[in-house]
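Take a look at the structure set out below.
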Amino acid sequence: MATERYNPRETEPRWQRVWADREIFRTRNDDPRPKYYVLEMFPYPSGRIHIGHGRNYVMGDVVARFKRMKGFNVLHPMGWDAFGLPAENAAIERGIHPKTWTYENIAAMKEQLKLLGLSLDWNREVATCDPDYYAEQQRLFVDLFEKGLVYRRESEVNWDPVDNTVLANEQVIDGRGWRSGAVVERKKLAQWFFRITHFADDLLSALDELDRWPDKVRLMQRNWIGRSEGLEVRFRLSSPDFPSLKVYTTRPDTLYGASFLAVAADHPLARLASAGNAELGAFIEECKRGGTSAEEIETMEKKGFDTGIKAEHPLVPGWFLPVYVANFILLDYGTGAIFGCPAHDQRDLDFARKYGLPVKQVVLPDGAAMPGDAAFEGDVALDGDGRLIHSDFLDGLTVAEAKDAVAARLESQTLDGAPQGERKVNFRLRDWGISRQRYWGCPIPVIHCQSCGPVPVPQAELPVLLPDDVSFDRPGNPLDRHTAWRSVACPRCGGPARRETDTMDTFVDSSWYFARFASGPDGALDRAAVDHWLPVDQYIGGIEHAILHLLYARFFTRALESCGRISVKEPFAGLFTQGMIVHETYKDVNGKWLFPEEVEKRADGSAVRRGTDEPVTVGPPEKMSKSKRNVVPPEVVADTYGVDCARWFMLSDTPPERDSEWTEAGIEGAWRFAQRLFRQINEAIELGAPAGAALPERFGPESTALRRAAHRLAADVEADIERLRFNVAVARVHAFANAFGEALAAARSGTPAADLAFALREAAEFLVAVVAPMVPHLAEECGVLLGRDGLVAEAAWPIVDPALLVADEIVLPVQINGKKRAELTIAAGASQAEIEAATLADETVLRALEGRLPKKIIVVPKRIVNVVV
RNA sequence: GCGGGCGUGGCGGAACCGGUAGACGCAACGGACUUAAAAUCCGUAGGGCAUCGCUCGUGUGGGUUCGAGUCCCACCGCCCGCACCA
C-alpha cells in the first residue's frame, strides 16, 4: 500500500485553525466538571523566543491535554511578565519607548508561541504592564497598606556616585557601575517594604503540607527563612555613652570560649566609637564601598577594626572582651552584633587568627580525646555536637543542655534592672523591599504630604497611571524629573504634595497573576473565581525561581487572604522545576559566534562554515542565549519538521528536571518516529477490524499479548504523565511501537483472524490517544484515519482493563551470594516455600552451588531470590 | 563565602520502597529491499578474558547489608540561588 507520508506543514496549521475556530481551549468558570489548573511561569517579553523557551510550555501543555482527556475542566492560561529593566535599557540604548518595545515584543512572541500548538485559553491573556492589571495591583497595595503589611524605612541600595543613580545587583560588575565604571557605594534611602516576616512561621510550617513540591525546593525555602532559636545577651560596655550591647547568638553554650565582640559598620555603636577616632571612621567608610549583595559581602576579605571599647563577660565578672567593627556583620540580621567563639565557628576562627585573638576550645566532640590545653590549634572549627569543657558550671553538659543552662542563668541575672539574657526566635528572612527607583514598573500609589506624611491614593482615584511623556536621555528615574506628574494635592488635607516616584519590584507583579487568570477580563480579582481555581494544581517553571518568586507569591497570597480578598493561603499545590535547553556553541576563525544554521557538520566529525572550508570551533552545550547565538528559532523547526516533532523531541530522553541538549540528530529521530507512527496507524486500519467492531469472545496468544501491551501502555503512560516523567512515557511508546510493529508484520503474512483484527484496531486507538497530549496535531490526523467522530483533543483517555495488566507467570532472578546466577520462571502466585523448592531444584542453581549447602534463602516477593551459602 | 542539586556505555538516559545495571532513543556497524540513492525493515553492540561461562563496572575512596547506581561518611567535578536580572 502506498501510504502517504505525514505532512506537518500542511496539517499542523490546519488543526490549529480548527482548535481556534471551535474555541475548544476556552475555559468557562461555571463548567461543572472537576477543575484542574495547570500553569507555566509566564515569560518576560524579551524579544523573540527560541525553542529553549518552549520546553516548559510543552510540558504544561501535555499535562493540560492529558487532564482534559481525563475529564477535567482545565485552566491553562498565558500572559506576560512585562515590566522590568530591559525595556528601560532599550529606551536608553535605542531611543524606543519602553511601552512600544514591550508591546512589540509581546506581539512577536505571541505569534511564535502559537506555533507550538499549545492548548491555551488566550482569552485570559494579560500583560502586567496593562493599566487594568496594575490598577488592581495598586488596589491590593492599598489593602495591604491598610492592613499594616506595608511600611517605609531606610535601607541600602547600590549607588553609582558618577551617574547618581541606583543600580540593580546585575548592574554592579566587580564592585563597579556597569556604565560609569565608578566604584559602587552602599547608600541609604527611604523605601517601601512588605512585612513578609509577619508570615515567617506560617510560610515555614506550611512547607510540610506541600507534598507535591520537590523536597529540594522546600529545603531551600526552609533554609532561606532560616528560623533559629537563640539568646539575646546584653554585655556591659566600658563606654559611658553606650552602657550595654545586645548580641544575638544561637550558641550561648560556647560563651566561655568567647574572645571578641563585633558589630556591623552601620551599628549605632560603630558610629559612636568613630566620633573621636578618624582611623575607625575611615574603616567604616571603607566598609560602605562595594555593592549590597550578600554574595559580594561574604566573599570579600573579612576585616575588623578594634574600637577600643571593652565588654564584660556576662558569666565571668572582670573578664573583658574587645569590641570590633567588622565588615561581614549585617545590621539586618539579629541585633547587628555578635560574640565570636573562634574554636567553634569557622568565620570567627578565621577572624581570630587574623587579629591574633585567643582561641579557646569549650566543646569536646563525642569520642575525641580531652585536649591538655584549652588553647585550640587547628584551622578547622569544631562546629559539631559534643560535651562542654573549660566552661565552669557547664562542664560535662551536652551542647543542647548547655544552651539551656546559659539561657536560664542569664534570664535570672539582671543588668541595669533588666534580665541580661532573653530567649529569642530569629529569622534569616528579611522584609521584602519593593521600592524601585525606575520608570517601567507599577507606580506605588502613595502621595507624600508635608503635613499628613505618606497617604495612600484613595481607591476612587486609582489607578495611578504611568505618564507616557518621559525621556531617558539622563540617568535616573524619569518619574523623579516629571514635575507635572509628581505634583498633586494631598488627598487628605488638599495641600501641596508629591507623588511617590518609586515603582514596585516586578516580583510583585508575578505574585498574584495566577489569581488574575482565574478572574474575569475586567482586571479585578473575582473572589469566587479565585477560590474556585486556586491553588494551581500544577505549576511548572525554572529552578532559578525556587526561592524568591515562589516565596513572594506564597506571601502575597497569604496577605490577600488576610485582607479578605480571597480564601486561599497557598497558591501552588504542585510544583515542578524543569531544566533548560542547551545547545552547542560555534565560533569561526575570528572568534565570532555563529548561528547553528551557519554551521555544517562533516562526516569526519569536523565542523565548517556552511558552504566553505573555514573551520568552526565547536563549544560545549550551554544555555541557549542570543549573545552566543546558539539558538534555534521555533519557526525553522516548525517549517522543516513540524512542531509535533519538536514537542516529541523536547519530551524525549532527558528527564524534564534536567538540562536537555538540542541536536539535529535528535529532531531527526523524532521525525522518523512520527512517520513510523503514522505508517503503523495506516497499516492497522488496513489490517484491523473496522471502527466499533464487537469484542470477540476469545483471544489467542498473539492478540492477547498485543492487548496486554496496549492496556499496559495506557496505564503506564498515564502514571508517567501524572509524575511528569515524559522521557519515560516516550520510551514506553517506543517500546510499544516495536511490539506493535511485530504484530503488524505477523498480521500482514495472512488474513488476520477476528481476534487479532480487533486487537490491532484497539492498539491503534490506544496508541493515538496515548500520544495525543504529546503530538496533538499528528493525533488529530490519525483520528481522522481511524474514522473518529469529533476531535482527539476532546476525546477521553483509553479505559484500561485491569485484568489485562496482571501476568500469570513471572521470571524471578536468582542470586547466589548477591550475584545473579539464574532465572526462575514461576507462577505469579507461588508461595515462598514453592519458590524455595523450585530454586533448589533448578539445574543452573545446583550447578552454581557446586554442592555447597544454602545457609539461608531470601525471597523478595515478585522481585528476587538470593541464596546465601 | 553560605544554601541547594547533579554525576550511570561513544552520547541522552532507564532502573518503583535497597533486589536482574544499561530499558528506550541517538550515533555506529552488518544485512535485506533498490539500477542506485533516500526512505524503510531485520540484526549486532559496557570493558576484559573467552567454550557454556567467568570477571571488572554507575565521578573517587571508605562503610552498612544476604544484596548498594540507590543508604551513611569523606573527597573531586559541574550546575542553580544568595533578597534591585527575570
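Just so you know, these numbers use all the heavy atoms, side chains as well, and skip hydrogens, waters and symmetry mates. Being a predicted model, the structure only gives us computed values, none of them experimental. Naming convention: chains lettered A, B, ... in sequence-line order (proteins, then strands); numbering from 1 in each chain.
Within 4.0 Å (heavy atoms only), A:E661 reaches no atom of the nucleic acid at all. No engagement by A:R748 is indicated, since no non-hydrogen atom pair under 4.0 Å with the nucleic acid exists. Across all strands shown, A:A665 has heavy atoms under 4.0 Å from sugar-phosphate atoms exclusively, and none from any base. A:R732 comes within contact range of no nucleotide atom at all, as no heavy-atom separation falls under 4.0 Å. Among the heavy atoms of the strands lying under 4.0 Å from A:N866 is at least one base atom, whether or not backbone atoms are also near. Nucleic acid contact for A:S652: none, since no nucleic acid atom lies under 4.0 Å from a heavy atom of the residue.
With rounding to whole Å, A:F736 atom CZ is found 14 Å from B:G25 atom P. Atom-to-atom, CZ of A:R863 to P of B:U20 comes out at 7 Å; the value is rounded to the nearest Å. Distance, A:N327 CG to B:G1 C1': 12 Å, rounded to whole Å. For the pair A:D716 CG and B:C16 C1', the interatomic distance rounds to 11 Å; values are reported in whole Å. Rounded to whole Å, the distance from CG on A:L551 to P on B:G3 is 18 Å. Note: CG (A:D653) to C1' (B:G10) measures 15 Å, nearest angstrom. The CD-C1' distance, from A:E296 to B:G1, rounds to 13 Å in whole Å. If you take CD of A:Q815 and C1' of B:A68, they are 11 Å apart, rounded to a whole angstrom.
Ring to ring, A:W662 and A:F649 are close: their centroids are under 6.0 angstrom apart.
Glycosidic conformation, B:G57: anti, with the torsion outside 90° of 0. Applying the 90° criterion around 0 to the glycosidic angle, B:C17 comes out syn.
Using the six-membered ring where Trp is involved, A:W648 and A:F673 have ring planes that are parallel, under 30° apart on the 30 and 60° scheme. In this structure, A:Y552 and A:W432 have parallel ring planes: the angle between them is below the 30° cut-off, well short of the 60° mark.
Side-chain polar atoms of A:S510 and A:D81 form no donor-acceptor pair below 3.5 angstrom. Using a 3.5 Å distance cut-off with no hydrogens or angles, the side chains of A:E686 and A:N682 do not pair a donor with an acceptor. A donor-acceptor contact closer than 3.5 angstrom links the side chains of A:E500 and A:W192. Side-chain contact of A:T501 with A:D480: a donor-acceptor pair under 3.5 Å is present, judged by distance alone.
For the C1' atoms, the distance linking B:G13 with B:G22 amounts to 9 Å, nearest Å. Going from the C1' atom of B:C85 to that of B:G81 covers 13 Å, rounded to whole Å. Only the C1' atoms considered, B:U70 is 14 Å distant from B:G7, to the nearest whole Å. With both ends at atom P, the span from B:A23 to B:U8 equals 16 Å, rounded to whole Å. Atom name P, nucleotides B:G9 and B:G48: the rounded distance is 15 Å, in whole Å. Nucleotides B:U51 and B:A38 have their P atoms positioned 38 Å apart, rounded to a whole Å. Separating the P atom of B:C84 from that of B:C73 is a span of 35 Å, rounded to the nearest Å. Comparing the same atom, P, in B:A39 and in B:U44 gives a spacing of 22 Å after rounding to whole Å.
Cation-pi geometry between A:R153 and A:F193 is met: the NZ or CZ atom falls under 6.0 Å from the ring centre, inside 45° of the normal. A cation-pi arrangement, defined by a distance under 6.0 Å to the six-membered ring centre and an angle within 45 degrees of its axis, is present between A:R428 and A:W224.
For A:E843, the CD atom sits in a loose shell: 12 or fewer heavy atoms of surrounding residues, nucleotides or ligands are nearer than 6.0 Å.
Base-pairing analysis of RNA chain B finds the following stems of at least three consecutive Watson-Crick or G-U pairs, with both pairing distances under 3.5 Å: B:1-7 with B:76-82, B:10-12 with B:24-26, B:28-32 with B:40-44, B:46-49 with B:53-56, B:59-63 with B:71-75.
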Protein-to-nucleotide contact annotation, 5' to 3' order, nucleotides 70-86 of chain B [B base; S sugar-phosphate only; - none; under 4.0 Å, heavy atom]: ----------SSBBBSB

Reading 5' to 3' through nucleotides 39-58 of chain B, protein heavy-atom contacts under 4.0 Å coded B for base, S for sugar-phosphate only, - for none: -SS------------SSS--

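The base of B:G3 lies outside donor-acceptor range of the side chain of A:N223, with no N or O pair under 3.5 Å.
With A:D332 contributing its side chain and A:S155 its backbone, the two residues share no donor-acceptor pair below 3.5 Å.
Closest to the A:T299 side chain, of the nucleotides B:A14, B:G1, B:G25, is B:G1.
Residues A:Q346 and A:V380 have side chains in contact (heavy-atom distance under 4.5 Å, counting atoms from C-beta outward).
For B:G13, the OP1/OP2 oxygens have a side-chain nitrogen or oxygen of A:R658 closer than 4.0 Å. Residue A:N727 has no polar side-chain atom (N or O) positioned under 4.0 Å from OP1 or OP2 of B:C24.
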Candidate pair A:V771 and A:V733, rule side-chain contact (heavy atoms from CB on, under 4.5 Å), full reasoning: CA-CA 8 Å; A:V771 298; A:V733 173; 3.8 Å; yes

Verdict with supporting geometry, A:L189 and A:Q437, side-chain contact (heavy atoms from CB on, under 4.5 Å): CA-CA 10 Å; A:L189 287 184; A:Q437 295 71 35; 4.0 Å; yes

